[in-house]
Amino acid sequence: MGGSSATVTLNGNQVSCPVRSGSVGPDVIDIRKLYAQTGAFTFDPGFTSTASCDSAITYIDGDEGVLLHRGYPIGQLAEHSSFMEVSYLLLNGELPSKDVLDKFSGTISRHTMLHEQLATFYRGFRRDAHPMAIMCGVVGALSAFYHDSTDITDPHQRMVASHRLIAKMPTIAAMAYKYSVGQPFLYPRNDLSYTGNFLRMTFGVPAEDYYVNPVVERALDRIFILHADHEQNASTSTVRLAGSSGANPFACIAAGIACLWGPAHGGANEAALNMLREIGTPDRIPHYIERAKNKDDPFRLMGFGHRVYKNYDPRATVMQSTVREVFEALNVSDPVFEVALQLEHMALNDPYFIEKKLFPNVDFYSGVILSAIGFPTTMFTALFALARTVGWVAQWNEMISDPEQKIGRPRQLYTGPAQRDYVPVDKR
Ligand code: ACO
């Protein structure tokens with residue numbers, strides 16, 4: 001590879017591919033002309049060596065355990081900022097002044113209500129439906145309700161759709177919960193914070209006032225910050241791919257929710273807590289560590305390992321300290337926290353995990369906190385979807401406004417039969 005180009009030699013042909021540098025991070029080899037010049041594709045299932053777009057939103061250095069949003073380290077944002085401020089930052093690129101932040105928060109507050117007909121839509125779901133099934137359906141259904149914000153070529157309409165999505169997700173998620181427990185839906189209240197409003201819509205009842213515990217509100221707000229965006233992960237890439245055809249923004253976010261639901265992605269915090277509960281007591285940890293190392297056993301330590309982080313996930317550090325704060329504020333304890341701490345300690349000292357660079361990810365501790373707050377495990381991924389919505393819309397907006405944007409259309413290495421003649425059924 002030369003300083004500014006890489007040379008591919010194929011069948012005696014030499015093709016020069018430009019090398020592009022970002023502001024930080026690895027260079028990329030621009031192979032867009034490779035097929036035209038060589039007739040060959042590159043092969044990269046799982047995209048482990050492929051950058052799919054330019055982006056100025058989030059930067060991850062997986063080896064060093066660094067996560068930056070618009071340049072700001074996640075630890076600083078989690079400590080000093082709020083989810084509303086981080087949302088503004090992700091969408092607009094800069095931290096807002098106080099006035100601008102107040103205006104943005106006010107705009108989001110005023111978009112939190114759902115079209116009244118959507119309440120009827122919920123009643124079509126079985127009572128035991130998973131909240132992610134409901135979220136997927138209801139967010140997709142929004143595309144049938146808001147026709148005034150779907151001209152994606154108009155930046156103003158794009159921003160209105162983005163605000164609507166960020167604002168309505170807490171209402172949608174809280175209603176999914178209320179539906180599952182058979183309690184009446186609660187309307188949003190604009191005098192509460194984004195996160196306080198969500199807590200009230202989830203845990204409040206019309207019969208009495210709901211007290212928003214400030215420590216829980218802050219902890220959940222921080223969890224939202226930690227999940228707000230994460231570069232070109234599976235669900236974000238899904239949103240971009242769906243959006244690349246010019247699809248309706250609400251439908252694109254529904255696609256992102258569908259992808260996030262999987263246990264290898266957003267479903268991992270639910271799976272991690274279930275695993276910790278199954279382990280139950282510290283003396284059983286070695287047995288599970290041995291299972292995770294056994295190639296013939298499909299069991300994996302949930303909440304461990306990450307496609308990008310080959311170091312401690314910086315979000316897991318913040319999560320671990322938040323567990324203690326929430327436990328103290330609510331005066332609760334949960335044996336799974338002790339199991340989690342000891343499991344982490346044992347795994348981090350085990351040659352298998354050291355060699356494979358497997359560290360706790362954000363999901364390892366988040367389930368413990370969410371459970372202490374009172375969320376059932378089925379709601380965990382719904383909370384992730386709520387928080388990730390801002391990342392999805394920020395990335396979707398960035399893609400649509402990119403002049404080089406094209407419909408996403410990967411190719412393949414075909415391994416099926418070569419052309420053959422059809423055989424009539426009586427001759428087979
Ligand atoms: N427990 C035991 N072994 C593991 C684990 C684990 N949690 N994760 C990876 N490994 C092993 C694999 O078996 C593989 O071993 P090998 O090289 O001998 O074949 C090696 O480590 C590399 O793993 P891959 O699956 O190739 O790594 P990939 O980048 O594809 O997977 C993933 C990343 C899906 C996150 C994986 O680590 C995993 O399944 N973790 C558990 C689920 C989880 O916590 N997901 C949350 C991700 S974070 C998020 O979505 C917010």
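Residue numbers count from 1 along this sequence. Order of listing sets the numbers, starting from 1, for every ligand and every atom in it. Atoms considered below: every heavy atom in the structure, side chains included; atoms not considered: hydrogens, waters and symmetry mates. Just so it is clear, the model here is predicted, and its values are computed rather than measured.
Regarding atom 12 (C) of ligand 1, its nearest protein heavy-atom neighbour is Arg300 NH2, 3.2 Å. For atom 7 (N) of ligand 1, the closest heavy atom belonging to the protein is Leu301 O, 2.7 Å. Atom 33 (C) of ligand 1 has as its closest protein heavy atom Arg307 N, 3.7 Å. Regarding atom 42 (C) of ligand 1, its nearest protein heavy-atom neighbour is Met302 CE, 3.3 Å. Protein heavy atom nearest atom 48 (S) of ligand 1, with residue, atom name and distance: His306 CD2, 3.5 Å. Shortest contact from atom 40 (N) of ligand 1 to any protein heavy atom: Phe304 O, 2.9 Å. For atom 2 (C) of ligand 1, the closest non-hydrogen atom of the protein is Ala292 O, 3.7 Å.
Other residues, nucleotides and ligands contribute at most 12 non-hydrogen atoms within 6.0 Å of the CZ atom of Phe47. The environment of Arg20 atom CZ is sparse: at most 12 non-hydrogen atoms of other residues, nucleotides or ligands sit within 6.0 angstrom. Around atom OH of Tyr187, no more than 12 heavy atoms belonging to other residues, nucleotides or ligands sit under 6.0 Å away. No more than 12 heavy atoms of other residues, nucleotides or ligands sit less than 6.0 Å from atom CG of Asn11.
Distances between N or O atoms of Val362 and those of ligand 1 include no value under 3.5 Å. The shortest N or O to N or O distance between Leu358 and ligand 1 is not below 3.5 Å. Distances between N or O atoms of Arg315 and those of ligand 1 include no value under 3.5 Å. The distance criterion of under 3.5 Å between nitrogen or oxygen atoms is not met by Ala268 with respect to ligand 1. When only interatomic distances are considered, the shortest N/O to N/O separation between Lys356 and ligand 1 falls below 3.5 Å.
Atom 4 (C) of ligand 1 is approached by the protein to below 4.0 angstrom, counting heavy atoms only. In this structure, atom 27 (O) of ligand 1 has its sub-4.0 angstrom surroundings free of protein heavy atoms.
Interface atoms of ligand 1 facing Gly303, defined by a heavy-atom separation under 4.0 Å, are 43 (C), 44 (O).
Remark: the backbone N or O of Val19 is not paired with any side-chain donor or acceptor of Asp30 at under 3.5 angstrom. Checking side-chain atoms of Asn197 against main-chain N and O of Ser193 turns up no donor-acceptor pair under 3.5 Å. Looking at Ser180, its side chain does come within 3.5 Å of a backbone N or O of Tyr177 through a donor-acceptor pair.
Only the side chain of Tyr352 comes within 4.0 Å of ligand 1, judged by heavy-atom distances. Contact annotation for Asp363 and ligand 1: only side-chain heavy atoms (C-beta onward) come within less than 4.0 Å of the ligand.
For the pair Phe384 and ligand 1, a heavy-atom separation below 4.0 Å is found. Residue-ligand proximity: Lys295 is placed with a non-hydrogen atom under 4.0 Å from ligand 1. A heavy-atom separation below 4.0 Å is not found between Phe299 and ligand 1.
Taking the six-membered ring for Trp and thresholds of 30 and 60 degrees, His306 and His230 have ring planes more than 60 degrees apart, a perpendicular arrangement. Between Tyr194 and Phe224, the angle of the ring planes goes over 60°, which puts this pair in the perpendicular group of the 30/60° scheme.
Summarising the geometry, atom CD1 belonging to Ile57 is positioned 8.5 Å from atom CG belonging to Leu91; distances are rounded to the nearest 0.5 Å. Going from atom CE of Met113 over to atom NE2 of His115 covers 11.0 Å, rounded to the nearest 0.5 Å.
Salt bridge present: Glu398 and Arg240 bring a charged side-chain N and a carboxylate O closer than 4.0 Å.
Side chains of Asn311 and Glu64: no donor on one and acceptor on the other come within 3.5 Å.
Of the candidates Ala347, Ala234, Gly305, it is Gly305 that places a heavy atom closest to atom 37 (O) of ligand 1.
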